Protein chains: 2
Amino acid sequence: MPGAKLDEIDRMILAELQADGRMTNVELARRVGISAPPCLRRVRTLEEQGYIRGYHADVDPRELGFDVSVFAMVRLVSQSEAELSAFEARCGGWPLVRECHMLNGEVDFVLKCVAPDLRSFQAFLTGELTAAPNVASVKTSLVIRNAKAEPGVPFDVLEARLARKA
Amino acid sequence: MPGAKLDEIDRMILAELQADGRMTNVELARRVGISAPPCLRRVRTLEEQGYIRGYHADVDPRELGFDVSVFAMVRLVSQSEAELSAFEARCGGWPLVRECHMLNGEVDFVLKCVAPDLRSFQAFLTGELTAAPNVASVKTSLVIRNAKAEPGVPFDVLEARLARKA
DNA sequence: CGCGAATGCGCAATATTCTTGCGGTTCTTG
DNA sequence: CAAGAACCGCAAGAATATTGCGCATTCGCG
């Protein structure tokens with residue numbers, strides 16, 4: 001079902017808006033080769049059907065004084081669904097935790113955190129995260145730098161897949 | 001220096017655009033309590049000064065048939081700057097790798113990857129990633145689900161910091 | 001074949017937004 | 001206290017978004 005109802009123009013629209021979410025509809029229409037009205041209708045449809053979940057400004061944390069990013073690997077004592085949900089809920093309440101992914105394998109969760117400085121992160125780590133109920137262990141790694149940060153979908157792979165089907 | 005030149009309105013603008021990057025300028029102006037022209041001027045300034053790096057549509061990978069997300073922890077043989085850069089460059093060429101973060105500690109890099117299915121990810125893992133030069137070991141974990149995914153800045157923390165300074 | 005029905009395009013018109021130029025006000029500073 | 005800088009809001013013109021409508025192509029099916 002997913003991807004079935006999208007033609008090439010739709011995929012071009014997604015690629016363009018993924019690259020620049022504030023592109024005007026006129027410019028977008030020009031790039032994908034149709035006129036503005038049908039282009040806008042396609043965008044609306046993509047939004048309604050969940051292909052586009054939203055639009056967000058990419059704000060630089062460092063410019064705002066959040067100088068440290070950290071990955072935290074969390075192991076829980078109990079992995080019952082109730083406990084998993086409880087931990088997720090707790091993460092939702094921690095502003096420093098920006099992403100929370102449940103994993104398979106030894107580690108139960110990986111968290112991406114930001115903080116103004118190392119000191120405040122340590123305070124959060126020892127005072128909140130490690131101290132939280134059901135948390136067995138936490139391993140943290142500072143992010144030195146990041147070479148690639150493109151959330152979303154690799155459209156070149158998508159096109160390769162579709163070509164293979166045809 | 002970072003954050004120094006931003007007043008409360010600027011921070012409100014950043015928060016609003018982080019939440020909804022396609023908000024019209026008039027709506028944004030209304031929410032932050034000023035008229036449209038100065039609001040637009042502020043946004044332009046925030047963009048130029050790097051507080052806003054860009055705008056992106058949040059495209060749902062699953063809807064497009066990318067059903068698996070994976071975190072890969074990579075260790076290299078050599079951590080010389082040349083080798084680190086070389087690995088980063090290689091990551092840039094892999095479409096399935098969406099994020100590449102260099103870490104301190106035992107693991108040198110964590111990669112966030114997506115793939116249409118487990119089979120194609122395995123093909124990438126064994127055929128590309130593990131086989132790459134200088135890669136010592138790779139540990140992967142499938143993402144079961146994610147409870148939180150809000151890249152960016154926690155503005156409530158930011159305001160707490162500023163309040164502390166005052 | 002051939003006839004609806006459905007889909008999707010583009011044109012045109014209106015509504016909304018963006019963008020710029022221009023004073024006016026407040027705050028800083030010497 | 002005066003000159004200058006910074007920033008606001010108003011107003012107008014340009015650009016964009018949005019809607020309604022008619023037409024072409026495609027598809028399903030008798």
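Protein chains get the first letters and strands the later ones, always in sequence-line order, with residue 1 at the start of each. This structure is a prediction, so every number in the text was calculated from the model and none was measured.
Aromatic pair A:Tyr55/B:Tyr55: ring centres not closer than 6.0 Å.
Formation of a donor-acceptor pair under 3.5 Å by the B:Lys148 side chain with backbone atoms of A:Cys91 is found in this model. Proximity of a side-chain donor or acceptor of A:Thr130 to a complementary backbone N or O of A:Thr126 within less than 3.5 Å is not detected.
Atom OH in A:Tyr55 sits about 11 Å away from atom P in D:dA17, given to the nearest Å. Between the P atom of C:dT26 and the CD1 atom of B:Ile34 lies a distance of 17 Å, rounded to the nearest Å. Between the P atom of C:dT7 and the CG atom of A:Asp10 lies a distance of 15 Å, rounded to the nearest Å. Whole-Å rounding puts the A:Leu28 CG to D:dT18 P distance at 13 Å.
A:Glu47 is linked by a salt bridge (Lys or Arg N to Asp or Glu O under 4.0 Å) to A:Arg44, counting only residues two or more places apart in sequence or in another chain.
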Checklist entry - Which letter, B, S or -, goes with each nucleotide of nucleotides 14-22 of chain C from 5' to 3', with contact meaning a protein heavy atom under 4.0 Å? => result ---SSSB--

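Taking the six-membered ring for Trp and thresholds of 30 and 60 degrees, B:Phe71 and A:Phe71 have ring planes more than 60 degrees apart, a perpendicular arrangement.
Checking the phosphate oxygens (OP1, OP2) of C:dC9, a side-chain nitrogen or oxygen of A:Arg42 falls inside 4.0 Å.
In A:Gln122, the CD atom is crowded: over 12 heavy atoms of neighbouring residues, nucleotides or ligands sit closer than 6.0 Å.
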